[in-house]
Number of protein chains: 2
Amino acid sequence: MTIEHSILGVIASRPCTGYDIKTEFEHEGAGMVWGVSFGSVYPKLKSMEEQGLIQNYRTETKGRMKKMYELTPKGWEALHKWLGELPSYPSIKDELLLKLSMWDRGRPEDRQTLIYHMKNRKEQSQELLDYYLQWPQNGHSSISEFGMLGIQYVQERLETELRWIEKAILQLEGEPQPPVQDPYDLIPKQQERRNLAINPPVITVHPESSTDEDRV
Amino acid sequence: MTIEHSILGVIASRPCTGYDIKTEFEHEGAGMVWGVSFGSVYPKLKSMEEQGLIQNYRTETKGRMKKMYELTPKGWEALHKWLGELPSYPSIKDELLLKLSMWDRGRPEDRQTLIYHMKNRKEQSQELLDYYLQWPQNGHSSISEFGMLGIQYVQERLETELRWIEKAILQLEGEPQPPVQDPYDLIPKQQERRNLAINPPVITVHPESSTDEDRV
DNA sequence: TGCGACATGTAAAAAGTTACATGATTAG
DNA sequence: CTAATCATGTAACTTTTTACATGTCGCA
């Protein structure tokens, strides 16, 4: 439902085309706001026009036809109303965190691959941080006092993340540690279940025909 | 696509029912991993069984029939393989951040509502942090060395967020600040556009019938 | 002349949510 | 006895993505 409000907000800053909106989400919203695809922007613009939130007018820039969208009074009102509603708590989809939480279940011995994942994340977050650090001085973005608060938040979050990654890599490069808490011994039990599934025991009807020596 | 891998990971830790999986996502994955609904878990379990990743067996606990799922060798292998793949960069949907970035567009004068939103966020994050702080000592959760790294990450992220909120509220309670950067004066222009849309100018055919004094 | 950025869309598929439908057991 | 929790599922709907389809302009 929030893609509609994001579009409302982008058009509020300046009248723009569907293409503009899509690209705005790509760089300005880097890491901060989810991306959108053309396949979702254009149909949404259409439906928002039907709802009377926006209206388009055609302009010609360098001989090329463009469909510019501007907010209607109803659109300005919808933006105002939405901003006044309590935001829902953020939802985060972090695959690295998910993999970390189940690493011992699938790759108990393999610390190197995890370190590799972490280093990859470090690079990407560092790049994003560099982008956010230069943003307020790039000379072309419009940033209000409020927007700047958001940028500072992302900067601090990324700095914290980078510090954590450094620390985590150091730990992973060191000695394996025992579980922090495992009251029902689920972790060793789980590793047994896994071994049983991957290397099923040989069922022998005649014990004398199968001994330890059979396994090569 | 990742809901499938999350299920794989939960079943890896111990055989469980569809209900178990759904609740596991609610509390264990609080803020860390996205939630799932029954309507998506049960059909997914069915399709994963068809793919041969999991298999079910019926058990009776306290006279109640349960459908327990366990990983097949193929399922263990799929988990192992997925863990080895580079995780994609996290996607975050943070409505507060989005509203912050467009606050001046819809509610330029209203700092109080924004402060209210921030305080609400602060409470929720504090609650989540408290949960994460007691998690490693709750006496029933299984936490490996790797899982603990993830928990530490979330703790540090939340602490950083809370510090930022404190600072941001202080700023919002103070004097309004000018834009940090607005090279094309988009912000004042935007406010003009908004005023024009909300209070359209009275078009007068006879200028003498409409003067400044008309407006009360 | 051909490539990359600009520009607008549609159709099918995938993914997930909400609401509905059902029923057993347990704690107060 | 009744509400909450445990337990399993379906159907309709919404949202979003992917892939396709088309075409222009500027530049090297």
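All values below come from the heavy atoms of this structure, side chains included, with hydrogens, waters and symmetry mates left out. By convention in this document, chain letters (A, B, ...) are assigned in the order of the sequence lines, proteins followed by strands, and residues within each chain are numbered from 1.
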Exercise for the section: With the side chain counted from C-beta on, respond yes when R194(A) and P108(A) share a heavy-atom pair under 4.5 Å apart, and no when they do not. Expected result: yes
Nearest-Å distance for atom pair [atom1]/[atom2], residues [X] and [N]:
| X | N | atom1 | atom2 | value |
| --- | --- | --- | --- | --- |
| M65(A) | dG9(C) | CE | C1' | 16 Å |
| Y19(B) | dG23(C) | OH | P | 18 Å |
| K66(B) | dT5(D) | NZ | P | 16 Å |
| K22(A) | dA7(C) | NZ | P | 14 Å |
| Y57(B) | dT8(D) | OH | P | 12 Å |
| Y42(A) | dA21(D) | OH | P | 18 Å |
| K44(B) | dG9(D) | NZ | P | 16 Å |
| E49(B) | dG9(D) | CD | C1' | 14 Å |

Would you say [N] has OP1 or OP2 under 4.0 Å from some side-chain N or O of [X]?
| X | N | answer |
| --- | --- | --- |
| T23(A) | dC6(C) | no |
| K46(A) | dT10(C) | yes |
| K67(A) | dT8(C) | no |

Practice task
Verify whether one side chain among S125(B) and Y89(A) offers a donor that lies under 3.5 Å from an acceptor in the other.
Solution key: yes
Exercise for the section: Identify which nucleotide among dA7(D), dG9(C), dG16(C) has an atom closest to any side-chain atom of D20(B), counting heavy atoms from C-beta outward. Expected result: dA7(D)
Fill in the blank from the handout: Out of dA7(D), dG9(D), dT8(C), minimum distance to the side chain of T17(A) belongs to dT8(C)
Practice task
Identify whether the distance between the nearest side-chain nitrogen and carboxylate oxygen of D94(A) and R121(A) falls below 4.0 Å.
Solution key: yes
Practice task
Could you check whether the rings of Y19(A) and F38(A) sit parallel, tilted or perpendicular, using 30° and 60° as the cut-offs?
Solution key: parallel
Exercise for the section: Report the relative orientation of the aromatic rings in W82(A) and H5(A); use parallel for angles under 30°, tilted for 30 to 60°, perpendicular for over 60°. Expected result: parallel
Exercise for the section: Heavy atoms under 4.0 Å is the rule here; annotate nucleotides 17-22 of chain C 5' to 3' with B where the base is hit, S where only the sugar-phosphate is, and - elsewhere. Expected result: BB----
Practice task
Mind running ring pair (Phe, Tyr, Trp, His ring centres under 6.0 Å) on Y57(A) and Y69(A) for me, showing each step along the way?
Solution key: CA-CA 7 Å; Y57(A) 55 92; Y69(A) 285 93; 8.8 Å; no
Donor-acceptor list for residues 183-191 of chain B side chains, cut-off 3.5 Å, not counting sequence neighbours:
{"residue": "K189(B)", "atom": "NZ", "partner": "Y184(B)", "partner atom": "O", "Å": "3.0"}
{"residue": "Q190(B)", "atom": "NE2", "partner": "R105(B)", "partner atom": "O", "Å": "3.3"}

